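In each ligand, atom 1 is the first atom listed, and ligand 1 is the first ligand listed. Keep in mind that this is a model prediction, so the values were computed, not measured.
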Amino acid sequence: MEKIVILTGAGISAESGLGTFRGAGGLWENHRVEDVATPEAFARDPKLVTTFYNQRRAGAATARPNAAHAALATLQRDYDGEVIIVTQNVDGLHEAAGAEVLHMHGQLDQALCAACGHQWPAPMEMQVGEVCPSCGGGFGRPDIVWFGEMPYHMDEIFEHLVTCGLFAAIGTSGQVYPAAGFVREADAAGAHTIELNLDPSSVVSQFAETRFGPATQTVPDWVKGLLG
Ligand code: APR
């Protein structure tokens, strides 16, 4: 069976109680990106940034996967072909549902040494100057890909995009690149493309098919159709 590539965003975790970024009451309504999500912000005020991600880590730790996460895990297990899930999310809800995913924007439960690049499981409460267990330097930071930084796994992701037969985007606003450009890559390679979202994204016109509604309704129905 043809390979399926699925991109997920904050919308798939919204019904698990984790806020999105740009919706009403979203994270970027209460925090300026320039203050908490750039390497410059971390250099300028590491306490503010460390606290922001400690709060998000605590929130994600109590959240539970929902029916949309579960449906994708089922698809990955039961589909008679490859199902590659690429997420922009930094929570661990896909894995908690039993799926394997590529975290292109990093993970809340991981720390990164800004000096040697070592990655290790993040304590729930990271400290400013968190000590790296590999080089011993105090340059630990949240392992989150900030604006202006290169996302993870890009070569592997592009390889999958140009060799898949079906590309789906779930719960993402299509406002942040390179993720928002994936549909164009997959479409150009001949894949069928579908957007599943609460409302139309900024790149909705580039999709061959759309389904609107809460992910916990649209995703299980879509997966049921694929598994027949
Ligand atoms: N079901 C389906 N979709 C939903 C739901 C839901 N219950 N709730 C919200 N959505 C949709 C919204 O309509 C919106 O289009 O999810 C999308 C969330 O968009 P954003 O908040 O912009 O989140 P996302 O697209 O994941 O952001 C991309 O931007 O801030 C950076 O690095 C951060 O990974 C993030 C990236």
Test: Glu40 and Arg32 ion pair at under 4.0 Å: no
Pocket residues of ligand 1, ordered first by chain and then by residue number (heavy-atom cut-off under 4.0 Å): Gly9, Ala10, Gly11, Ala14, Glu15, Thr20, Phe21, Arg22, Trp28, Gln88, His105, Phe147, Gly171, Thr172, Ser173, Val176, Asn197, Leu198, Asp199, Gly213, Pro214, Ala215
Pair Thr172, Gln88: side-chain N/O donor-acceptor within cut-off below 3.5 Å: yes
Donor on one side chain, acceptor on other, Thr216 and Asn66, under 3.5 Å: no
Approximate separation, where rounding is to 0.5 Å, of Glu209 CD and Leu196 CG: 7.5 Å
Ser16 OG to Asn89 CG distance, which is reported to the nearest 0.5 Å: 10.0 Å
Residues which pass ring-ring contact (aromatic ring centres under 6.0 Å, His included) with His31, listed by chain and number, not counting sequence neighbours: Phe52
